[in-house]
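One structure below.
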Amino acid sequence: LDLSTFFLGRPLTAPLMNASGVWCNVNGQLHALAESEAGAMVTKSCTLLRRDGNPEPRYHTLSMGSINSMGLPNEGHQYYLDYAERHDYENKPLFFSVAGLTLDDNLTIVAQIQDAYTPALLELNLSCPNVPGKAQIGYDFDALDVILAEISSAYSRPFGVKLPPYFDTAHFDEVADILNRYEKVNFITCINSIGNGLMIDMDSETVLIKPKQGFGGIGGEYVLPTALANVNAFHSRCPKKSIIGCGGVSTGEHVFMHLLAGASLVQVGTALYEQGPEIFVRLKTELATIMQEKGYKTIREFQGKLKTL
Ligand SMILES: O=C(O)c1[nH]c(=O)[nH]c(=O)c1I
């Protein structure tokens with residue numbers, strides 16, 4: 001599936017969706033997303049069985065974003081398969097996020113998605129930073145190679161991966177080399193939260209969240225430059241794959257920047273958590289205004305056309 005035509009070919013001026021994990025854990029939230037102005041939507045990353053996740057407080061708003069250590073709370077994969085069966089795909093495409101705790105769990109879940117033959121698009125989450133004792137697959141390049149080989153042979157359709165942020169050119173090169181060896185990896189979602197940040201309450205002199213001594217993934221405005229860099233790095237290194245941008249989006253300008261950097265579709269996390277699905281109306285309007293001011297009729301005219309000096 002080529003996301004760029006799937007979304008850019010359509011009259012959408014705002015290919016927008018939620019970031020997995022935000023407003024997508026339970027049916028009521030999923031229904032609200034389905035009814036929203038978002039162009040697509042994704043389910044909460046699921047494990048084989050239901051999980052409570054980490055003890056609360058596990059999410060906190062920050063002056064320029066958020067910190068979270070949710071711990072992969074979800075209703076278990078069958079719950080989201082049931083939702084995927086009921087979803088109205090004419091209304092908007094559905095992405096199905098999977099974050100199994102083991103390779104076997106991932107294979108079991110993916111096999112059931114295969115058997116259910118849902119039109120949902122698999123987004124394999126390789127970047128959850130908050131399960132104590134579980135290193136991120138996205139930062140273990142051998143494990144990354146193995147899971148892509150296993151999923152590619154177990155799943156017959158195109159799928160995508162949700163990557164953590166990288167901060168070193170050698171890592172962009174190495175991860176892109178691995179991804180380019182898997183033609184079934186049709187899209188790359190950059191970025192997940194910047195793992196293991198820490199913020200402090202000045203009055204009580206304590207951390208803000210309970211799990212992991214206060215360490216958690218950072219989202220929001222703080223991560224925009226890192227998100228744009230990862231979108232652009234993989235856009236230039238993986239010409240046959242679509243990039244879904246995620247990270248730091250709260251205005252139409254941010255959406256425009258992600259698209260210019262190479263994204264075909266843009267996810268919203270922290271700002272959606274704070275403002276709810278109505279945000280998609282504002283982002284669509286703001287992007288359309290920017291496009292009008294710049295004289296662009298379609299996204300294709302500027303998508304991926306970031307200029308260097
Ligand atoms: O703690 C979480 O549930 C979580 N939190 C994130 O910031 N990213 C993720 O992929 C996940 I699975």
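Counting convention: from 1, in listed order, for ligands and their atoms alike.
- Residue contacts with ligand 1 do not include Gly217, since none of its heavy atoms lies under 4.0 Å from the ligand.
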Query - Asn130 and Lys212: CA distance, side-chain angles, deciding distance, side-chain contact (heavy atoms from CB on, under 4.5 Å) verdict - result: CA-CA 8 Å; Asn130 301 321; Lys212 294 176 58 177; 3.8 Å; yes
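- The contact set between ligand 1 and Asn192, taken as ligand atoms under 4.0 Å from a residue heavy atom, comprises 6 (C), 7 (O), 8 (N), 9 (C), 10 (O).
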Quick one: do Val207 and Phe215 satisfy side-chain contact (heavy atoms from CB on, under 4.5 Å)? Show the steps, please.
CA-CA 8 Å; Val207 302; Phe215 284 59; over 6 Å; no
- Evaluation steps, side-chain contact (heavy atoms from CB on, under 4.5 Å), between Phe187 and Glu123: CA-CA 8 Å; Phe187 68 91; Glu123 184 182 78; 4.2 Å; yes
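- Close approach of ligand 1 to Leu72 is summarised as follows: ligand atoms under 4.0 Å from at least one heavy atom of the residue are 1 (O), 2 (C), 3 (O), 12 (I).
- Classified by interplanar angle (parallel below 30°, tilted 30° to 60°, perpendicular above 60°), the ring pair Phe256/Phe302 is parallel.
- Here Cys128 has heavy atoms under 4.0 Å from ligand 1 in both its backbone and its side chain.
- Atoms of ligand 1 found under 4.0 Å from any heavy atom of Pro129 (numbered from 1 in listed order, with element): 6 (C), 8 (N), 9 (C).
- Proximity of Asn68 to ligand 1, defined as any heavy-atom pair under 4.0 Å, is confined to the side chain (atoms from C-beta onward).
- Heavy atoms of Gly21 come nearer than 4.0 angstrom to ligand 1 in no pair at all.
- No donor-acceptor pair under 3.5 Å is formed between the side chain of Tyr166 and the backbone N or O of Tyr139.
- For ligand 1, the atoms lying closer than 4.0 Å to a non-hydrogen atom of Pro73 are 3 (O).
- Looking at Lys44 against ligand 1, only its side chain comes within 4.0 Å, counting heavy atoms.
- With ring centers used as reference points, Tyr83 lies under 6.0 Å from His87.
- Residue nearest to atom 4 (C) of ligand 1, selected from Leu126, Asn125, Asn130: Asn130 (by heavy-atom distance).
- With a 4.5 Å cut-off on side-chain heavy atoms, Leu224 and His254 count as touching.
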